[in-house]
Amino acid sequence: MQRWSRSQSPIPAPQPEELRTLQLERLRRTLRHAYDHVPFYRKKFDADGVHPDDCRELDDLAKFPTTSKEDLRANYPYGMFAVPRHLVRRVHASSGTTGQPTVVGYTEGDLSVWAEVMARSLSAAGVRPGDTVHVAYGYGLFTGGLGAHYGAERLGCTVIPASGGMSARQVRLITDLQPEVIMVTPSYLLALADEFERAGIDPRASSLKVGVFGAEPWTEGMRAEIEERFGLDAVDIYGLSEVIGPGVAQECVDTKDGLHIWEDHFYPEVVDPDSGRVLPQGSHGELLFTSLTKTAMPVIRYRTRDLSRLLPGSAYPAFRRMEKVSGRTDDMIILRGVNLFPSQIEEIVLATAGASPHFRIVLTSADRLDQLTVEVEAPAELRTPVAQSIAAAAKQTIGVRVVVEVVPPGSLARSTGKLQRVIDLREG
Ligand code: DLL
C-alpha cells in the first residue's frame, strides 16, 4: 500500500512563535467564554479577583483558579456547560464507580475537533488512509470507542467497531478481517494475546502492525512485552473525558519518546500536586489542561491527577511532549511509610522470567500493619523462583517488603477495558 510521506500528513507544523500567538488568542477567548456562560467559573474568577482580561500572555494563566473532578461532580449533570442544551450534540460520562458520575458535552464543532485530533494521533502512530482499524475500546458512555472510531474514519480508514469483550470473537474478527491497526487498552490486548494462543494462533502471525494503546498507565516493560508477543509497534495515546477524550496527546511511532500534546487545542501545565504551584518545564508533577477550542464544556486548568513532566518537542518540534504517565496522585500507595506506584511493581513483574504479565496488587492490613501482596501468574514449577525474584526486586528497587502469591496461569481475572490493578482491602 502507498504510504503517505510525513510532509503530506495531516499534522500541522506551526513555527513555535506562531503557535504561541494562536494559543494566546484561543486562551483569551476560552476564558471569556467560560466566564460569560458558566456561573461556576464566573464565581470562582470573581472570588480570586481575576478577570479574563487579565490574561495578556500565556504565563498569566497561572493566576487563574484550577478546576477539579469535585467541581464537575458538584455541578452534575449540566452545570459546567457553556452553551444552550440544544447545541449539545453528544454527551459522554465517567463510569461513576468511585463516586457520582460526571458528564461531558460536545457541540458539533467540538466533535469535529475531536475527530481531527484523533486523526492526527493516528497519523503520528503511523496509521494511513486506507488502513483497517480494529477498535476494541468500549463503545458507549466511555470516550474510548467512539473517539477512536470517528478519528479513524476522519483519517480515511476502514473501522471495525468491535468494542470491548467477547475475546474469542475479537480474535476471529482480527483473523478474518485482517486489520493493520488495533486500538485497545494494553491490559485487554494481553488478554487477547492469551485468547489467540487458546485458539492455536500465534499472535505474531496476525495482520496487526500498529497498536494504539491508552486509557490506563502502562510501562516500557509492558511495551516490550506487547511488541514481542504481537510483533507490532506499540504506541501510547493519552486523553481524558473532561478535556475531550482520547487524542489529547500521542506518541510518534518513529521516536516512541513520549506523547506530543496537540497544544493548539489543549494547553498543558505541570504543577506541584500539593501546593498547586506551576513547575518549570522538565519537572515532574501533576498535569493540568486548559481547553483552547472547546465550546460546549470548556475546562480551565483542569487538574488531571496524572503524574508526568513536559519535554520539548521532538518528531513534531512545535508540540511539547509529556512523558509517559507514571501514575496518578490518587494511585500512590503508602506502604509502611514508603511511597510507591503500581507502575513500579509492573516493571518488576515484567522483568521477572517465568511470570505472566497479568498481576494484581492487593492491600490488606493485619495487626495494624499494611501489607502489599503481589498476585502473579506462573507455572507451578517456577513458583518459588518467581516469588523470590519479585520479592527481592521490590526490596532492592523500592525498599519495601512485599508478599508474593503465585497463582496458576489464567487464574487472575482479565480486564476487557480499563484495568483495576489495585484492590485495597485495608480497613478505614
Ligand atoms: O481514558 C480516554 C482515553 C480512551 C484515552 C482511550 C486513551 C485511549 P477517561 O475514562 O476520562 O478517559 O480516563 C482518563 O485515564 O486521567 C489517566 O489517568 C488515564 N489515562 C488515559 N490515557 C492514559 C495513558 C480516557 N496513555 C484517565 N497513560 C486519565 C496513562 C492514561 N494513563
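Computed over heavy atoms, backbone and side chain alike; hydrogens, waters and symmetry mates excluded. For ligands, and for the atoms within them, numbers begin at 1 and follow the listed sequence. Each residue takes its place number in the sequence, starting with 1.
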For P246, the ligand 1 atoms whose distance to one of its heavy atoms is below 4.0 Å: 2 (C), 3 (C), 4 (C), 5 (C), 6 (C), 7 (C), 8 (C)

Which residue and heavy atom of the protein sit nearest atom 9 (P) of ligand 1, plus the separation: S241 OG, 3.5 Å

Centroid-centroid distance, F319 to Y316, less than 6.0 Å: no

Residue, atom name and distance, where the atom is the protein heavy atom closest to atom 18 (O) of ligand 1: D306 OD1, 2.6 Å

Min N/O separation Y137 to ligand 1 under 3.5 Å: no

SB check D36 R42 (cutoff 4.0 Å): yes

M118 side, atom CE; L155 side, atom CG - distance, nearest 0.5 Å: 10.0 Å

Among K418, R305, E216, R303, closest by any non-hydrogen atom to atom 31 (C) of ligand 1: E216

Main-chain N/O of A296 paired to T107 side chain as donor or acceptor, under 3.5 Å: no

Within-shell test, G239 vs ligand 1, heavy atom, strictly < 4.0 Å: yes

Under 3.5 Å: N/O of L240 near N/O of ligand 1: no

Check: S411 main-chain N/O paired with R414 side-chain donor or acceptor under 3.5 Å: no

Electrostatic pair E216-K418, nearest N-O below 4.0 angstrom: no

Show which side-chain atoms of residues 240-248 pair as donor or acceptor with protein atoms under 3.5 Å away, not counting sequence neighbours.
residue : atom : partner : partner atom : Å
E242    : OE2  : K69     : NZ           : 2.8
E242    : OE2  : Y302    : OH           : 3.4

Enumerated ligand 1 atoms positioned under 4.0 Å from heavy atoms of G144: 4 (C), 6 (C)

Closest approach of any protein heavy atom to atom 19 (C) of ligand 1, naming residue and atom: A215 O, 3.6 Å

